[in-house]
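Notes for the one structure printed next.
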Amino acid sequence: MEQSRIADKNTPYWWEAAPVKPLPRQPLAKKLDVAIIGAGYAGLSAGLVLARDGRSVAAFDAMNPGEGASSRNGGITSGSIRPDYATITRRFGEDKAIAIEAEGKIAREFLYDFIRTEGLDCDFNLVGQFKGVIGFDQYEKTARSAETLAKRLGIETYAVPYTEQRNYIGTDFYRGGMVRMDIGGLHPAKFHAELLRVALASGLTVHSGTRVTSIEKDGAEFRVATSAGTVQARQVLVCTDGYTDAAVPYLRRRLVPVRSRIIVTEELAPDVMARLMPKQMMMTEGRQLGYYYRPTPDGKRILLGGRDSSRAGDPDGPKLVLRNGLVNLFPELENVRLSHTWFGNVAMHRDMLPRIFEKDGVVYATGFCGSGVVWAPWVGMHAAHRLLGHRQEARTAFDFRPPAFIPFYNGNPWFMPAIIQGYRIQDQIALYRASR
């Protein structure tokens, strides 16, 4: 396949309408109430709360604000939790499992209200999500899950049998699925730009292109060394997630950066979009390495994402894997051109749950595991309330112990290609065994 058939641009589609860019240089304060490491969704959300409470607060980002995961994701407000209910119960107890499940509903509602009340222009649309299953046996389990969600949390959710599937998605690949109407889509780079706008207007200082090199305890305060100089801070909040580096070695040994890649088609004819995406829903599936996909906010293209096993450079292989996945779902797109492809890091860890925790006086808000559109603002704001001593507002099921240490790991995810290949084999076996 020729290079032109892979993609026209190797940069995020989202940057066309909302390019990331450096901010004007700001003088470095000698002292701060709070220093925030990272100016993505979590860091800006925390900074907004702290600044509005009258604290002197600055966020430091090694790149341009939003250049990492905040402008590279799919823009789906899923708030997914990767471990299932039984696994969370086994690890942390039933009370924690119930609290985490309930908080997902609250966090999504909070995000939608935040977008509305702050007047954030980010193409948000609550269109619902369809989740496809690969076999009729898997459909039965999914149908029971839909019934449980509706009864336990009051979420509008229901099973979709195979005979009705074409009303939701123009493919015969799945054998039915499930719809949740509490999930929508937004433009992630616009969302970050708008969040940055309101945070700056509230008094947060953001230093772009300013890497934090170390954080050291200095009596009752902290000495934060950056590429622009050193600042004293009473409190420090780390929100780096998939872009954590050597400045925070404790966290780096616990988070694994995993590449997530996205492709976007050229503009498709209106009748094609109406046939393939009849309800303009967000889409996902139940495979271990399942795809997530959606129409772009203007309804003219299809965006599809999944895991990328590469670790360096920008090779063609992962792009072709996603393109082949798109064609398997929608064979009529075999000859369509791709306009954009790109990758970004998500942070995985052994527990696979977002969380807030404290170590040696430093507070961390991190570990979003690929669902940061919902969880990063939610966890960031709760971390800010924790720093402010607002017990009621800081209360969250995700405030608990740090992620587990990963043996023989210190920031280089050498083992990820093998793990992803293992998941791929599991999916192939599951597809073979599925009752189709």
Side-chain angles (χ1 to χ4, degrees), residues 12 14-15 18 20 23 34 36-52 57-80 103-104 106-118 120-124 183-202 204 206 208 237-244 251 255 257 260 262 305 344-347 353-356 363-387 396 398:
W14 308 120
W15 292 2
V20 296
L23 296 177
V34 184
I36 299 174
I37 319 304
Y41 295 154
L44 293 182
S45 300
L48 177 64
V49 171
L50 293 162
R52 286 182 174 174
V57 54
F60 300 88
D61 201 296
M63 302 184 292
N64 296 320
E67 190 175 352
S70 293
S71 67
R72 295 174 180 266
N73 63 80
I76 301 174
T77 65
S78 64
S80 298
E103 197 159 319
I106 299 169
R108 279 184 290 274
E109 292 171 348
F110 165 81
L111 176 64
Y112 306 157
D113 182 68
F114 178 71
I115 291 171
R116 182 176 59 254
T117 57
E118 296 289 343
L120 306 186
D121 181 9
C122 59
D123 299 335
F124 172 66
I183 293 172
L186 51 73
H187 189 299
K190 286 185 179 181
F191 177 55
H192 181 273
E194 288 286 272
L195 184 54
L196 178 63
R197 175 181 62 80
V198 297
L200 292 173
S202 298
L204 173 67
V206 178
S208 62
L237 174 62
V238 175
C239 302
T240 48
D241 202 56
Y243 291 82
T244 300
L251 184 61
L255 296 186
S260 186
I262 291 176
N345 292 343
V346 297
L353 291 169
R355 81 241 345 255
I356 300 168
V363 175
Y364 298 82
T366 189
F368 309 124
C369 298
S371 296
V373 176
V374 169
W375 292 121
W378 177 258
V379 170
M381 289 187 176
H382 279 74
H385 285 299
R386 173 174 174 156
L387 292 173
T396 170
F398 296 100

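Since the model is a prediction, treat every value here as computed from it, not as a measurement. Numbering starts at 1 and runs along the sequence shown.
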- Distance-minimising heavy-atom pair for Ala46 and Leu237: CB-CD2, 3.4 Å

- Task: May I ask you to test the Thr366-Leu255 pair for a side-chain heavy-atom distance under 4.5 Å?
- Result: yes

- Does a side-chain heavy-atom distance below 4.5 Å link Met63 with Ser208? no

- Smallest heavy-atom separation, Pro377 atom then Gly372 atom, equals CD-O, 3.3 Å

- Task: In plain terms, say whether Glu118 and Arg52 are close enough for a salt bridge, that is, a side-chain N and a carboxylate O under 4.0 Å apart.
- Result: yes

- Task: Look at Lys190 together with Asp123 and state whether they make a salt bridge at an N to O cut-off of under 4.0 Å.
- Result: yes

- Rounded distance (nearest 0.5 Å) linking atom CZ of Arg197 with atom CG of Asp121: 8.5 Å

- Task: Rounded to the nearest 0.5 Å, what's the gap from CG on Leu120 to NE2 on His187? Could you check?
- Result: 14.0 Å

- Task: Determine the interplanar angle of the His385 and His382 rings, folded into 0 to 90°, and report it as parallel if under 30°, tilted if 30 to 60°, perpendicular if over 60°.
- Result: perpendicular

- Is the backbone of Pro188 close enough, under 3.5 Å, to the side chain of Asn73 for a donor and an acceptor to pair up by distance? no

- Message: Is there a side-chain contact between Val49 and Leu387 in this structure, where contact means two heavy atoms from C-beta onward sitting under 4.5 Å apart?
- Response: no

- Task: Taking Asp61 for its side chain and Ala39 for its backbone only, find out whether a donor-acceptor pair lies under 3.5 Å.
- Result: yes

- Can you tell me how far the CG atom of Leu196 sits from the CG atom of Leu204, to the nearest 0.5 Å? 8.0 Å

- Query: How about Met381 and Phe114: do any of their side-chain heavy atoms sit closer than 4.5 Å?
  - Reply: yes

- Message: Within the 4.5 Å heavy-atom criterion, are Trp378 and Thr396 side-chain neighbours or not?
- Response: yes

- Minimum heavy-atom distance Leu48-Val198, with the two atoms named: CD1-O, 3.7 Å

- Query: With no hydrogens and no angle check, do the side chains of Thr240 and Tyr364 hold a donor and an acceptor under 3.5 Å apart?
  - Reply: no

- Stepwise side chain to side chain contact (heavy atoms under 4.5 Å, CB included) test for Ile76 and Val373: CA-CA 7 Å; Ile76 301 174; Val373 176; over 6 Å; no

- Note on the structure: Asp241 and Thr244 have their tightest heavy-atom pair at O-OG1, 2.7 Å

- Does Ala107 offer a backbone N or O that forms a donor-acceptor pair with the side chain of Trp375 under 3.5 Å? no

- Message: Between Phe368 and Arg355, is the side chain to side chain contact (heavy atoms under 4.5 Å, CB included) condition met? List the steps.
- Response: CA-CA 8 Å; Phe368 309 124; Arg355 81 241 345 255; over 6 Å; no

- Item | Check: Arg108 side chain, Ser78 main-chain N or O, donor-acceptor pair, under 3.5 Å | yes

- Item | Ser71 side chain vs Gly66 backbone, donor-acceptor pair below 3.5 Å | yes

- If only atom types and distance count, is the side chain of Ser45 paired as donor or acceptor with the main-chain N or O of Ala42 below 3.5 Å? no

- Query: Is there a donor-acceptor pair under 3.5 Å between the side chain of Ser371 and the backbone N or O of Ser80?
  - Reply: yes

- Val363 side chain reached by Val238 side chain, heavy atoms, under 4.5 Å: no

- Between Tyr41 and Phe191, ring centroids under 6.0 Å: yes

- Item | Side-chain donor or acceptor of Arg72 paired with backbone N/O of Ser70 under 3.5 Å | no

- Task: Find out whether Ile36 and Leu50 are in side-chain contact, i.e. whether some heavy atom of one side chain is under 4.5 Å from a heavy atom of the other.
- Result: yes

- Taking every non-hydrogen atom, the tightest pair across Val346 and Ser260: CG1-CB, 4.2 Å

- Task: Indicate yes or no: at least one non-hydrogen side-chain atom of Cys122 is less than 4.5 angstrom from one of Ile115.
- Result: yes

